[in-house]
Amino acid sequence: MAKLSAINKNNKRINLSNRFYNKRAKLKKIIMDKNISLEERFKAQQKLSKLPRNSAKIRVRNRCQITGRPHGVYRKLKISRIALRQLGLEGKIPGMVKSSW
């Protein structure tokens, strides 16, 4: 189990990135538009840098929804490989059986 503080920090980052998503997208669109004057683009860049760092989507860490483990997480399932194996052994995932050869 991951530290509760690390899980809470990541949850806070997720909430911030969701809250500021539209604002960041608008500012980035202005910055990337070459038809807008350089001064306006520079002002947009400054506004973007004033936003909280943790509101950037890149700062969100993929963590297991069950254990909070940061490594070995399947994106589609949002579960770590270890939790997936455990659920499979308990028979809680339909169609998944323990392999043997």
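Contact record, R69 with A2: N-CB, 4.4 Å, taken as the closest heavy-atom pair. For the residue pair G88 and I93, the shortest heavy atom distance occurs at N-CD1, 4.1 Å. Considering all non-hydrogen atoms of both residues, T67 and M1 come closest at O-SD, 3.4 Å. Listed here is the closest heavy atom pair of C64 and S80: SG-N, 3.3 Å. Considering all non-hydrogen atoms of both residues, A83 and I66 come closest at CB-CD1, 4.2 Å. Contact between K28 and L48 at its shortest, heavy atoms only, is CG-CD2, 4.2 Å.
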- Message: The test is side-chain contact (heavy atoms from CB on, under 4.5 Å); show your working for L89 and R85 and say whether it passes.
- Response: CA-CA 6 Å; L89 288 174; R85 184 173 191 270; 3.7 Å; yes

- Criterion side-chain contact (heavy atoms from CB on, under 4.5 Å) on K47 and K23, from CA distance to verdict: CA-CA 10 Å; K47 285 181 184 177; K23 193 170 190 174; over 6 Å; no

- Task: Kindly indicate, with the supporting measurements, whether the criterion side-chain contact (heavy atoms from CB on, under 4.5 Å) is fulfilled by M96 and L84.
- Result: CA-CA 10 Å; M96 189 173 187; L84 180 68; 3.9 Å; yes

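Residue-environment remark: CD (Q46) exceeds the threshold of 12 foreign heavy atoms within 6.0 Å.
Here R41 pairs with K34, I36, L38 under the side-chain contact (heavy atoms from CB on, under 4.5 Å) rule; sequence neighbours left out.
Taking CZ from R59 and NZ from K9, the interatomic distance works out to 9.0 Å, rounded to the nearest 0.5 Å. The distance from atom CD1 of I30 to atom NZ of K43, rounded to the nearest 0.5 Å, is 11.5 Å. Rounded to the nearest 0.5 angstrom, E40 CD and D33 CG are separated by 10.0 Å. Taken to the nearest 0.5 Å, the CG atom of L87 stands 6.5 Å off from the NZ atom of K92. One distance of note links CZ of R13 with OG of S17; it measures 10.5 Å at 0.5 Å rounding. Rounded to the nearest 0.5 Å, atoms CZ (R63) and NE2 (H71) are 8.5 Å apart.
R61 contributes a side-chain N or O that, together with a main-chain N or O of P70, makes up a donor-acceptor pair within less than 3.5 Å. Under a 3.5 Å cut-off, the side chain of N18 and the backbone N or O of I14 do form a donor-acceptor pair.
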